[in-house]
Amino acid sequence: MTDTPLPLIIDCDPGIDDAVMLMMAFLSPHLDVQAITTVAGNVPLAFTSRNARMICERMNRTNIPVHAGCPRPMVRKMVTAEDFHGESGIAGMDVFEPEVPLAPGHAVDVLIEKLSAPPEGGYTVILSGPMTNLAAALIMAPQIAQGIRELVVMGGADTAGGNITPSAEFNIYADPLAAAIVFDAGLPTVVLALDATHQVRAEQVRVDRIRALPGRHAELMADLLDAANRLELRWRPGMQVPMHDPSTVGWVLAPHLFETKRCRVSVVTRPGKDFGRTKVKDSARGPHRWVTVADADGFFALVEDLLKAPA
Ligand code: BDR
Ligand code: CA
(Lines give C-alpha, C1' and ligand atoms only; values in the text may rest on other atoms or scores of the structure.)
(Ligands and ions follow the chains in the order given, each with its own letter.)
Protein backbone atom coordinates (compact mmCIF):
# COMPACT_ATOMS: atom_id res chain seq x y z
CA MET A 1 0.00 0.00 0.00
CA THR A 2 1.11 3.58 -0.57
CA ASP A 3 1.97 5.99 2.25
CA THR A 4 -1.16 8.04 1.64
CA PRO A 5 -4.06 6.41 3.49
CA LEU A 6 -6.81 5.17 1.20
CA PRO A 7 -9.97 7.32 1.39
CA LEU A 8 -12.79 5.05 2.44
CA ILE A 9 -16.54 5.26 2.99
CA ILE A 10 -18.20 2.41 4.87
CA ASP A 11 -21.91 1.72 4.49
CA CYS A 12 -22.95 -0.84 7.11
CA ASP A 13 -25.63 -2.33 9.39
CA PRO A 14 -23.79 -3.27 12.63
CA GLY A 15 -24.16 -6.28 13.32
CA ILE A 16 -21.39 -8.10 15.17
CA ASP A 17 -19.28 -8.78 12.09
CA ASP A 18 -19.79 -5.22 10.81
CA ALA A 19 -18.42 -4.09 14.19
CA VAL A 20 -15.30 -6.26 13.81
CA MET A 21 -14.90 -4.86 10.29
CA LEU A 22 -15.09 -1.28 11.57
CA MET A 23 -12.49 -2.07 14.24
CA MET A 24 -10.11 -3.43 11.61
CA ALA A 25 -10.57 -0.36 9.42
CA PHE A 26 -9.97 1.98 12.38
CA LEU A 27 -6.84 0.10 13.44
CA SER A 28 -5.13 0.36 10.06
CA PRO A 29 -2.90 3.37 9.41
CA HIS A 30 -3.40 2.69 5.69
CA LEU A 31 -7.10 3.56 5.72
CA ASP A 32 -8.73 6.95 6.06
CA VAL A 33 -12.36 6.29 6.99
CA GLN A 34 -14.05 9.55 5.99
CA ALA A 35 -17.66 8.64 6.70
CA ILE A 36 -19.78 5.81 8.00
CA THR A 37 -23.30 5.51 6.63
CA THR A 38 -25.81 3.17 8.22
CA VAL A 39 -28.76 1.24 6.89
CA ALA A 40 -31.47 -1.00 8.32
CA GLY A 41 -30.37 -4.61 8.07
CA ASN A 42 -29.29 -6.92 10.85
CA VAL A 43 -31.40 -4.78 13.21
CA PRO A 44 -33.53 -1.66 12.65
CA LEU A 45 -31.83 1.58 11.62
CA ALA A 46 -31.87 3.22 15.07
CA PHE A 47 -29.85 0.26 16.42
CA THR A 48 -27.38 -0.01 13.51
CA SER A 49 -26.76 3.75 13.81
CA ARG A 50 -26.23 3.55 17.56
CA ASN A 51 -24.03 0.46 17.27
CA ALA A 52 -21.74 2.14 14.71
CA ARG A 53 -21.31 5.09 17.08
CA MET A 54 -20.65 2.75 20.02
CA ILE A 55 -17.76 1.20 18.10
CA CYS A 56 -16.43 4.65 17.14
CA GLU A 57 -16.49 5.62 20.80
CA ARG A 58 -14.86 2.44 22.09
CA MET A 59 -12.14 2.87 19.45
CA ASN A 60 -11.67 6.60 20.14
CA ARG A 61 -12.73 7.50 16.62
CA THR A 62 -15.62 9.83 17.39
CA ASN A 63 -14.17 12.22 14.79
CA ILE A 64 -15.62 9.98 12.06
CA PRO A 65 -19.16 11.11 11.17
CA VAL A 66 -21.91 8.49 11.30
CA HIS A 67 -24.88 9.33 9.07
CA ALA A 68 -28.13 7.38 9.28
CA GLY A 69 -29.64 6.25 6.00
CA CYS A 70 -32.63 4.26 4.79
CA PRO A 71 -34.85 2.76 7.48
CA ARG A 72 -36.27 0.07 5.20
CA PRO A 73 -35.59 -1.74 1.93
CA MET A 74 -36.82 -0.36 -1.41
CA VAL A 75 -39.91 -2.43 -1.94
CA ARG A 76 -39.98 -5.62 0.05
CA LYS A 77 -40.85 -6.03 3.74
CA MET A 78 -37.93 -5.64 6.10
CA VAL A 79 -36.09 -8.73 7.36
CA THR A 80 -33.65 -8.60 10.27
CA ALA A 81 -31.15 -11.04 11.76
CA GLU A 82 -31.33 -10.83 15.57
CA ASP A 83 -30.87 -14.60 15.74
CA PHE A 84 -27.25 -14.15 14.65
CA HIS A 85 -26.45 -10.74 16.16
CA GLY A 86 -28.53 -10.56 19.36
CA GLU A 87 -31.47 -8.26 20.08
CA SER A 88 -29.19 -5.20 20.24
CA GLY A 89 -27.45 -6.24 17.02
CA ILE A 90 -24.14 -6.32 18.81
CA ALA A 91 -24.07 -9.22 21.25
CA GLY A 92 -20.77 -9.36 23.11
CA MET A 93 -20.75 -5.66 23.89
CA ASP A 94 -22.62 -3.83 26.65
CA VAL A 95 -25.01 -1.37 25.08
CA PHE A 96 -24.64 2.33 25.98
CA GLU A 97 -25.90 5.59 24.51
CA PRO A 98 -22.94 7.11 22.65
CA GLU A 99 -21.92 10.64 23.58
CA VAL A 100 -21.54 11.82 20.01
CA PRO A 101 -24.86 12.11 18.18
CA LEU A 102 -25.50 11.14 14.60
CA ALA A 103 -23.90 13.52 12.12
CA PRO A 104 -26.34 15.78 10.26
CA GLY A 105 -27.32 14.75 6.76
CA HIS A 106 -29.05 11.68 5.42
CA ALA A 107 -26.65 8.91 4.35
CA VAL A 108 -27.93 9.04 0.76
CA ASP A 109 -27.24 12.79 0.54
CA VAL A 110 -23.82 12.30 2.09
CA LEU A 111 -22.93 9.56 -0.40
CA ILE A 112 -24.00 11.85 -3.25
CA GLU A 113 -22.10 14.81 -1.83
CA LYS A 114 -18.88 12.93 -1.16
CA LEU A 115 -18.85 10.83 -4.32
CA SER A 116 -19.55 13.93 -6.43
CA ALA A 117 -16.37 15.56 -5.12
CA PRO A 118 -14.01 12.62 -4.63
CA PRO A 119 -10.35 12.83 -3.68
CA GLU A 120 -7.85 12.11 -6.44
CA GLY A 121 -8.27 8.51 -7.53
CA GLY A 122 -11.76 8.28 -6.05
CA TYR A 123 -13.23 6.63 -2.98
CA THR A 124 -13.14 3.00 -2.04
CA VAL A 125 -16.65 2.20 -0.80
CA ILE A 126 -17.39 -0.81 1.38
CA LEU A 127 -20.97 -2.10 1.52
CA SER A 128 -21.52 -4.57 4.34
CA GLY A 129 -25.30 -4.46 4.65
CA PRO A 130 -28.31 -4.27 2.35
CA MET A 131 -27.41 -1.92 -0.52
CA THR A 132 -30.38 0.44 -0.15
CA ASN A 133 -28.38 3.63 0.49
CA LEU A 134 -26.04 3.38 -2.48
CA ALA A 135 -28.84 2.22 -4.77
CA ALA A 136 -30.91 5.28 -3.86
CA ALA A 137 -27.87 7.51 -4.36
CA LEU A 138 -27.20 6.00 -7.79
CA ILE A 139 -30.80 6.60 -8.84
CA MET A 140 -30.76 10.19 -7.64
CA ALA A 141 -27.32 11.04 -9.00
CA PRO A 142 -25.93 8.45 -11.44
CA GLN A 143 -22.83 10.57 -12.02
CA ILE A 144 -21.53 9.59 -8.58
CA ALA A 145 -20.29 6.38 -10.20
CA GLN A 146 -17.29 8.48 -11.33
CA GLY A 147 -16.30 9.05 -7.71
CA ILE A 148 -15.93 5.37 -6.89
CA ARG A 149 -12.50 3.84 -7.30
CA GLU A 150 -13.66 0.44 -6.14
CA LEU A 151 -16.76 -0.95 -4.53
CA VAL A 152 -16.12 -3.76 -2.07
CA VAL A 153 -19.29 -5.68 -1.34
CA MET A 154 -20.11 -8.33 1.21
CA GLY A 155 -23.07 -10.12 -0.25
CA GLY A 156 -24.31 -12.93 -2.39
CA ALA A 157 -23.65 -16.62 -2.77
CA ASP A 158 -23.02 -19.00 -5.60
CA THR A 159 -21.36 -22.35 -4.93
CA ALA A 160 -21.72 -22.01 -1.14
CA GLY A 161 -25.52 -21.82 -1.25
CA GLY A 162 -27.44 -19.26 0.78
CA ASN A 163 -27.62 -18.48 4.48
CA ILE A 164 -31.17 -17.13 4.69
CA THR A 165 -32.78 -19.29 2.01
CA PRO A 166 -31.14 -22.28 0.33
CA SER A 167 -29.88 -19.97 -2.44
CA ALA A 168 -29.85 -16.39 -1.07
CA GLU A 169 -27.45 -14.55 1.21
CA PHE A 170 -28.85 -12.13 3.82
CA ASN A 171 -27.62 -8.74 2.53
CA ILE A 172 -28.94 -9.36 -0.97
CA TYR A 173 -32.18 -11.03 0.18
CA ALA A 174 -32.87 -8.10 2.53
CA ASP A 175 -33.06 -5.73 -0.46
CA PRO A 176 -32.67 -7.53 -3.80
CA LEU A 177 -33.82 -4.55 -5.86
CA ALA A 178 -31.16 -2.34 -4.33
CA ALA A 179 -28.53 -4.99 -5.00
CA ALA A 180 -29.71 -5.28 -8.60
CA ILE A 181 -29.42 -1.52 -9.07
CA VAL A 182 -25.89 -1.50 -7.65
CA PHE A 183 -24.63 -4.50 -9.65
CA ASP A 184 -26.34 -3.29 -12.84
CA ALA A 185 -24.50 0.04 -12.52
CA GLY A 186 -21.42 -1.87 -13.69
CA LEU A 187 -19.05 -0.27 -11.19
CA PRO A 188 -15.65 -1.86 -10.58
CA THR A 189 -16.71 -4.18 -7.77
CA VAL A 190 -15.11 -6.90 -5.70
CA VAL A 191 -17.64 -9.31 -4.22
CA LEU A 192 -16.96 -11.13 -0.99
CA ALA A 193 -19.83 -13.58 -1.08
CA LEU A 194 -20.45 -16.62 1.11
CA ASP A 195 -18.26 -18.62 -1.31
CA ALA A 196 -15.33 -16.66 0.12
CA THR A 197 -16.40 -15.77 3.65
CA HIS A 198 -17.28 -19.36 4.57
CA GLN A 199 -13.58 -20.12 4.10
CA VAL A 200 -12.63 -17.67 6.86
CA ARG A 201 -14.09 -18.72 10.21
CA ALA A 202 -13.40 -17.58 13.73
CA GLU A 203 -12.17 -20.93 14.99
CA GLN A 204 -11.73 -20.98 18.77
CA VAL A 205 -7.94 -21.16 18.59
CA ARG A 206 -7.94 -18.01 16.46
CA VAL A 207 -10.20 -16.15 18.89
CA ASP A 208 -8.05 -17.31 21.80
CA ARG A 209 -4.96 -15.94 20.08
CA ILE A 210 -6.69 -12.58 19.68
CA ARG A 211 -7.78 -12.60 23.33
CA ALA A 212 -4.21 -13.29 24.43
CA LEU A 213 -2.99 -10.07 22.80
CA PRO A 214 -2.54 -7.10 25.13
CA GLY A 215 -4.93 -4.15 25.07
CA ARG A 216 -8.64 -3.44 25.25
CA HIS A 217 -9.17 -3.58 21.49
CA ALA A 218 -8.11 -7.22 21.37
CA GLU A 219 -10.36 -7.98 24.33
CA LEU A 220 -13.34 -6.27 22.70
CA MET A 221 -12.80 -8.08 19.40
CA ALA A 222 -12.48 -11.43 21.17
CA ASP A 223 -15.69 -10.70 23.13
CA LEU A 224 -17.53 -9.94 19.88
CA LEU A 225 -16.22 -13.06 18.14
CA ASP A 226 -17.01 -15.31 21.12
CA ALA A 227 -20.56 -13.91 21.23
CA ALA A 228 -20.95 -14.40 17.47
CA ASN A 229 -19.74 -17.99 17.80
CA ARG A 230 -22.17 -18.73 20.61
CA LEU A 231 -25.06 -17.53 18.42
CA GLU A 232 -23.79 -19.29 15.29
CA LEU A 233 -23.37 -22.58 17.14
CA ARG A 234 -26.96 -22.37 18.39
CA TRP A 235 -28.26 -22.32 14.83
CA ARG A 236 -25.52 -24.17 12.97
CA PRO A 237 -23.99 -26.75 15.30
CA GLY A 238 -20.30 -27.36 14.70
CA MET A 239 -19.81 -24.19 12.62
CA GLN A 240 -17.80 -21.18 13.77
CA VAL A 241 -18.87 -17.76 12.59
CA PRO A 242 -17.64 -16.74 9.12
CA MET A 243 -15.80 -13.44 8.78
CA HIS A 244 -18.30 -11.99 6.32
CA ASP A 245 -17.91 -8.24 6.68
CA PRO A 246 -14.34 -8.22 8.05
CA SER A 247 -13.26 -9.88 4.78
CA THR A 248 -14.00 -6.63 2.95
CA VAL A 249 -11.32 -4.80 4.93
CA GLY A 250 -9.11 -7.87 4.50
CA TRP A 251 -9.41 -7.41 0.74
CA VAL A 252 -8.70 -3.68 0.86
CA LEU A 253 -5.60 -4.12 3.01
CA ALA A 254 -4.27 -7.40 1.67
CA PRO A 255 -5.73 -8.39 -1.71
CA HIS A 256 -2.97 -10.99 -2.10
CA LEU A 257 -4.87 -13.11 0.43
CA PHE A 258 -7.70 -13.62 -2.07
CA GLU A 259 -8.20 -15.07 -5.55
CA THR A 260 -10.88 -13.65 -7.83
CA LYS A 261 -12.52 -14.33 -11.17
CA ARG A 262 -13.94 -11.73 -13.52
CA CYS A 263 -17.66 -11.90 -14.02
CA ARG A 264 -20.96 -10.10 -14.20
CA VAL A 265 -23.26 -10.49 -11.23
CA SER A 266 -27.03 -10.20 -11.45
CA VAL A 267 -29.74 -10.62 -8.83
CA VAL A 268 -32.99 -12.56 -8.95
CA THR A 269 -35.67 -9.99 -8.05
CA ARG A 270 -38.83 -11.83 -9.01
CA PRO A 271 -40.66 -13.63 -6.21
CA GLY A 272 -40.05 -17.37 -6.04
CA LYS A 273 -37.66 -19.82 -4.52
CA ASP A 274 -34.59 -18.03 -5.90
CA PHE A 275 -35.65 -14.54 -4.73
CA GLY A 276 -32.52 -12.66 -3.69
CA ARG A 277 -30.11 -15.11 -5.27
CA THR A 278 -26.99 -13.81 -7.03
CA LYS A 279 -26.16 -15.19 -10.45
CA VAL A 280 -22.52 -15.13 -11.50
CA LYS A 281 -21.71 -15.17 -15.19
CA ASP A 282 -18.03 -15.62 -15.96
CA SER A 283 -16.91 -12.83 -18.28
CA ALA A 284 -13.32 -11.81 -18.99
CA ARG A 285 -14.49 -8.21 -19.51
CA GLY A 286 -17.12 -8.15 -16.77
CA PRO A 287 -17.07 -5.27 -14.27
CA HIS A 288 -17.18 -7.51 -11.20
CA ARG A 289 -14.62 -9.68 -9.46
CA TRP A 290 -15.99 -12.61 -7.49
CA VAL A 291 -13.72 -13.86 -4.73
CA THR A 292 -13.24 -17.60 -5.09
CA VAL A 293 -10.46 -18.33 -2.60
CA ALA A 294 -9.59 -16.70 0.73
CA ASP A 295 -6.53 -17.40 2.87
CA ALA A 296 -7.99 -17.73 6.37
CA ASP A 297 -4.66 -18.03 8.20
CA GLY A 298 -3.37 -14.98 6.34
CA PHE A 299 -6.53 -13.07 7.23
CA PHE A 300 -6.22 -13.81 10.96
CA ALA A 301 -2.50 -12.97 10.88
CA LEU A 302 -3.54 -9.59 9.45
CA VAL A 303 -6.10 -9.12 12.23
CA GLU A 304 -3.45 -9.89 14.84
CA ASP A 305 -1.00 -7.46 13.24
CA LEU A 306 -3.62 -4.72 13.29
CA LEU A 307 -4.31 -5.35 16.96
CA LYS A 308 -0.59 -5.41 17.79
CA ALA A 309 0.11 -2.07 16.09
CA PRO A 310 0.45 0.87 18.52
CA ALA A 311 -2.94 2.54 19.09
C1 BDR B 1 -24.16 -10.71 6.10
O2 BDR B 1 -25.43 -10.64 6.74
C3 BDR B 1 -25.31 -10.01 7.99
O4 BDR B 1 -26.02 -10.73 8.97
C5 BDR B 1 -23.84 -9.89 8.29
O6 BDR B 1 -23.58 -8.70 9.00
C7 BDR B 1 -23.20 -9.88 6.93
O8 BDR B 1 -23.14 -8.58 6.41
C9 BDR B 1 -23.77 -12.16 5.93
O10 BDR B 1 -24.73 -12.85 5.18
CA1 CA C 1 -23.48 -6.63 7.77
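Whatever order the structure lists them in is the order used to number ligands and atoms, beginning at 1. For the numbers below, each heavy atom of this structure counts, side chains included, while hydrogens, waters and symmetry mates do not.
Draw a line from the Ca ion (ligand 2) to OD2 of Asp245 and another to OD2 of Asp18, and the angle between them is 70° (to 10°).
Using a distance-only test at 3.5 Å, with no hydrogens or angles considered, no donor-acceptor pair links the side chain of Asp32 to the main chain of Pro5. Looking at Trp235, its side chain does come within 3.5 Å of a backbone N or O of Asp83 through a donor-acceptor pair.
With respect to Arg206 and Glu203, a salt bridge is recorded, a charged nitrogen being found less than 4.0 Å from a carboxylate O. Between Arg211 and Asp226 a salt bridge is recorded (basic side-chain N to carboxylate O distance below 4.0 Å). Between Asp282 and Lys261, at least one side-chain nitrogen of the basic residue sits less than 4.0 Å from a carboxylate oxygen of the acidic one, meeting the salt-bridge criterion.
Contact annotation: Ser128 has at least one heavy atom less than 4.0 Å from an atom of ligand 1.
For ligand 1 and Met154, the ligand atoms under 4.0 Å from any heavy atom of the residue are 1 (C), 7 (C), 8 (O), 9 (C). Distances below 4.0 Å separate heavy atoms of Asp245 from the following atoms of ligand 1: 5 (C), 6 (O), 7 (C), 8 (O). Every atom of ligand 1 with a heavy atom of Phe170 under 4.0 Å away is listed here by number and element: 2 (O), 3 (C), 4 (O), 10 (O).
For ligand 1, the polar-atom distance check finds no N/O of His244 at less than 3.5 Å from any of the ligand's N/O atoms. For ligand 1, the polar-atom distance check against Glu169 finds a nitrogen or oxygen pair separated by under 3.5 Å.
Protein heavy atom at the shortest distance from atom 6 (O) of ligand 1 is Asp17 OD1, 2.5 Å. For atom 4 (O) of ligand 1, the closest heavy atom belonging to the protein is Asn42 OD1, 2.6 Å.
In this structure, Arg76 forms a cation-pi arrangement with Tyr173, its terminal cationic atom sitting closer than 6.0 Å to the ring centre and no more than 45° off the ring axis.
Across every non-hydrogen atom of Ile210 and Ala218, the tightest pair is O-CB, 3.4 Å.
When distances from the Ca ion (ligand 2) to the N, O or S atoms of Asp13 are compared, OD1 comes out shortest.
Leu27 is listed as a side-chain neighbour of His217, based on a closest heavy-atom distance under 4.5 Å. Under the 4.5 Å side-chain criterion, counting only non-hydrogen atoms from C-beta, Tyr123 is not in contact with Ile148.
With a 4.0 Å heavy-atom cut-off, ligand 1 is reached by the side chain of Asp18 but not by its N, CA, C or O. Residue-level proximity to ligand 1 for Ile164 is absent, since no heavy atom of it falls below 4.0 angstrom.
Taking 3.0 Å as the criterion, Asp17 does not count as a coordinating residue of the Ca ion (ligand 2), since none of its N, O or S atoms falls below it. For a distance bound of 3.0 Å, the N, O or S atoms of Met21 include none lying that close to the Ca ion (ligand 2).
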